[in-house]
2 protein chains.
Amino acid sequence: MSPRIGKAELRKRALIGAALGEIAERGTLEVTVAQIARRAGVSSALAHHYFGGKDDLILATMRHLLAEFRLNVVGAMHEAEGPRARLSATIRASFGPEQFHHATISAWLTFYAWALSSPGAARLLRIYHRRLESNLTHALKGIAPAAEARRIACGLGAYIDGVYLREALSPTPTDPAAAIAMVERFATLELSEVTP
Amino acid sequence: MSPRIGKAELRKRALIGAALGEIAERGTLEVTVAQIARRAGVSSALAHHYFGGKDDLILATMRHLLAEFRLNVVGAMHEAEGPRARLSATIRASFGPEQFHHATISAWLTFYAWALSSPGAARLLRIYHRRLESNLTHALKGIAPAAEARRIACGLGAYIDGVYLREALSPTPTDPAAAIAMVERFATLELSEVTP
DNA sequence: TTGTTGATTGACTAATCAATCAATAAAGGT
DNA sequence: ACCTTTATTGATTGATTAGTCAATCAACAA
């Protein structure tokens, strides 16, 4: 039984994982290719061989996080019946254990900041924002008028980001359930006004 | 009439302003001391002379932003009568024109990210967080039970940060009034439940 | 076996940049 | 005028680091 995935794919995954680890651990994108490569157990030249440059490696790391998040969402969506449940599923997915732990949150924050100076990073984050907001809006349209749905989705998106931001800088880790409860409460309050 | 402020203070202010400008314009803390010094019209050696090192200069820039924000808050607080007005004043101050424009918001985001790796920056942000939350909680305690006040203040703080974060990455600038309306609505919704 | 392709590396390069320092200029007091 | 202190700079250094390249090494097909 030979490995189903090629050696190249294996190495790329290891490098992406190592990049994520270094970035989260050091809390900055100012990590050297050599550090990442060492953590992945290869030479820095190999990282360049597979990814071209440091920026490409970091972009690939962002894409990986994004894909993971997407998986989380579709998984949660699958078992959701009705618009309100789909709304809750989207919120719950945003705080899934895969995303909402310190290392990942730190990485997200560094990526957000990077987006200010990297068009590629900005593009990826815009895609993520659009997707999240689209999910929220779609679910909300089943409960509230379209205009209200869009407004509430915008607020929820900002709130989710805000909770992440606070968590990134908080010395004591927050329980994901508490974060979910905060956002759920906001959604319920907003909806109680538009669906009497 | 000789200048009331010494030459040293003048130069420091120029350097801090230049640092803020460079950081906001480039969207990153990876600006060179030489770039900052050139923008301030002095040599890079002088920046070191006055601030010691690059990190100290950037920390001073953060402190400057923080102090400006504080001024904004006390100013808005001064003309506020009663707890609900104080709550609104705090929110309004958070989105004052001095704070809520693109350059400043970009700088904030880079500082937030820096706090992940710089204890000094983390300390400053914690002070800012505590101050904001304390202001919010204090005002809210005049309207809601203490426990609820703390919970709502926590949510408001996160929401304000989230709105900032969205604005930092948004290609189109948001109207401060719209941001204030979003947060005000959040506060009103929360309060409508605890004060029947 | 042998040749081809891809994997992998150590060594090197070129660029960047924070920080230092010795030297000069300006200011201000006596 | 003289001396002390402070302001200011150009030149330099030492460290770091992304990216390159030619040289091995491993896999594997013919």
Side-chain angles (χ1 to χ4, degrees), chain A residues 1-23 25-62 110-111 113-114 117-121, chain B residues 1-23 25-62 110-111 113-114 117-121:
Chain A
M1 77 181 206
S2 61
R4 263 102 49 112
I5 55 181
K7 218 167 187 181
E9 198 54 36
L10 253 175
R11 285 276 129 101
K12 283 188 184 181
R13 288 189 196 182
L15 280 163
I16 285 174
L20 193 56
E22 284 294 313
I23 290 166
E25 194 169 306
R26 299 179 189 259
T28 169
L29 290 184
E30 284 173 55
V31 293
T32 71
V33 177
Q35 283 162 356
I36 295 171
R38 188 170 341 120
R39 183 184 271 237
V42 299
S43 74
S44 71
L46 198 65
H48 281 99
H49 175 64
Y50 278 126
F51 287 97
K54 181 184 173 181
D55 285 8
D56 304 282
L57 170 53
I58 295 184
L59 278 176
T61 307
M62 273 187 77
T110 66
F111 292 150
W114 193 39
S117 58
S118 157
Chain B
M1 93 188 190
S2 59
R4 265 99 52 110
I5 54 181
K7 217 167 188 182
E9 199 54 37
L10 253 174
R11 284 278 128 100
K12 282 189 185 179
R13 289 189 195 180
L15 281 163
I16 285 174
L20 192 55
E22 285 294 313
I23 291 166
E25 194 169 304
R26 300 180 188 261
T28 170
L29 290 185
E30 283 173 55
V31 293
T32 70
V33 178
Q35 284 162 356
I36 294 171
R38 189 169 340 119
R39 182 183 272 237
V42 298
S43 75
S44 71
L46 198 66
H48 281 98
H49 175 64
Y50 278 125
F51 288 96
K54 181 185 174 181
D55 285 8
D56 305 282
L57 170 51
I58 295 183
L59 277 177
T61 307
M62 274 186 77
T110 65
F111 292 149
W114 193 38
S117 58
S118 156

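In this text, all values refer to a predicted model and were calculated from it rather than measured experimentally. So that the names make sense, note that chain A is the first sequence line, chain B the second, and so on, each numbered from 1.
Across the interface with DNA chain C, nearest-nucleotide mapping of A:R11 and B:A45 shows A:R11 to be the residue nearer the 5′ end. Annotation: of the two residues near DNA chain D, A:T32 and B:Y50, the 5′-most nearest-nucleotide partner is B:Y50. Closest-nucleotide positions on DNA chain C for B:K7 and B:S44 were compared, and the one nearer the 5' end corresponds to B:S44.
Out of D:dT8, C:dT9, C:dT8, the shortest distance to the side chain of B:H49 is found at D:dT8.
Separating the CG atom of A:L46 from the C1' atom of D:dA22 is a distance of 16 Å, rounded to the nearest angstrom. We find that CD of B:E30 is positioned 15 Å from C1' of C:dA15, with the value rounded to whole Å. Atom CG in A:L57 sits about 14 Å away from atom C1' in D:dG19, given to the nearest Å. In this structure, A:R38 atom CZ and D:dA18 atom P are separated by 12 Å, rounded to whole Å. Straight-line distance from the CD1 atom of A:I36 to the P atom of D:dA18: 8 Å, rounded to whole Å. Between the CD atom of A:E9 and the C1' atom of C:dG6 there is a distance of 15 Å, rounded to whole Å. Protein atom CD1 of A:I58 is 12 Å distant from nucleotide atom C1' of D:dA18, rounded to whole Å. For the pair A:L10 CG and C:dG6 P, the interatomic distance rounds to 18 Å; values are reported in whole Å.
Side-chain nitrogen and oxygen atoms of A:K54 include at least one within less than 4.0 Å of the OP1 or OP2 phosphate oxygen of D:dA18. One finds no side-chain N or O of A:H48 lying less than 4.0 angstrom from the OP1 or OP2 phosphate oxygen of D:dT20.
The backbone N or O of A:G6 lies less than 3.5 Å from no partner atom in the side chain of A:E9, so there is not a single donor-acceptor pair. For the pair A:K54 (side chain) and A:V31 (backbone), a donor-acceptor distance under 3.5 Å is present.
Among the heavy atoms of the strands, none lies under 4.0 Å from B:F51. Using a 4.0 Å heavy-atom cutoff across all strands shown, B:S43 reaches at least one base atom of the nucleic acid.
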Can you list the steps and then say if B:H49 with B:R11 is a side chain to side chain contact (heavy atoms under 4.5 Å, CB included)?
CA-CA 11 Å; B:H49 175 64; B:R11 284 278 128 100; over 6 Å; no
query: Can you list the steps and then say if A:W114 with A:D55 is a side chain to side chain contact (heavy atoms under 4.5 Å, CB included)?
result: CA-CA 11 Å; A:W114 193 39; A:D55 285 8; 4.0 Å; yes
task: For B:F51 and B:L59, run side chain to side chain contact (heavy atoms under 4.5 Å, CB included): C-alpha distance rounded to whole Å, both residues' side-chain angles, the deciding distance at 0.1 Å, then the answer.
output: CA-CA 10 Å; B:F51 288 96; B:L59 277 177; over 6 Å; no
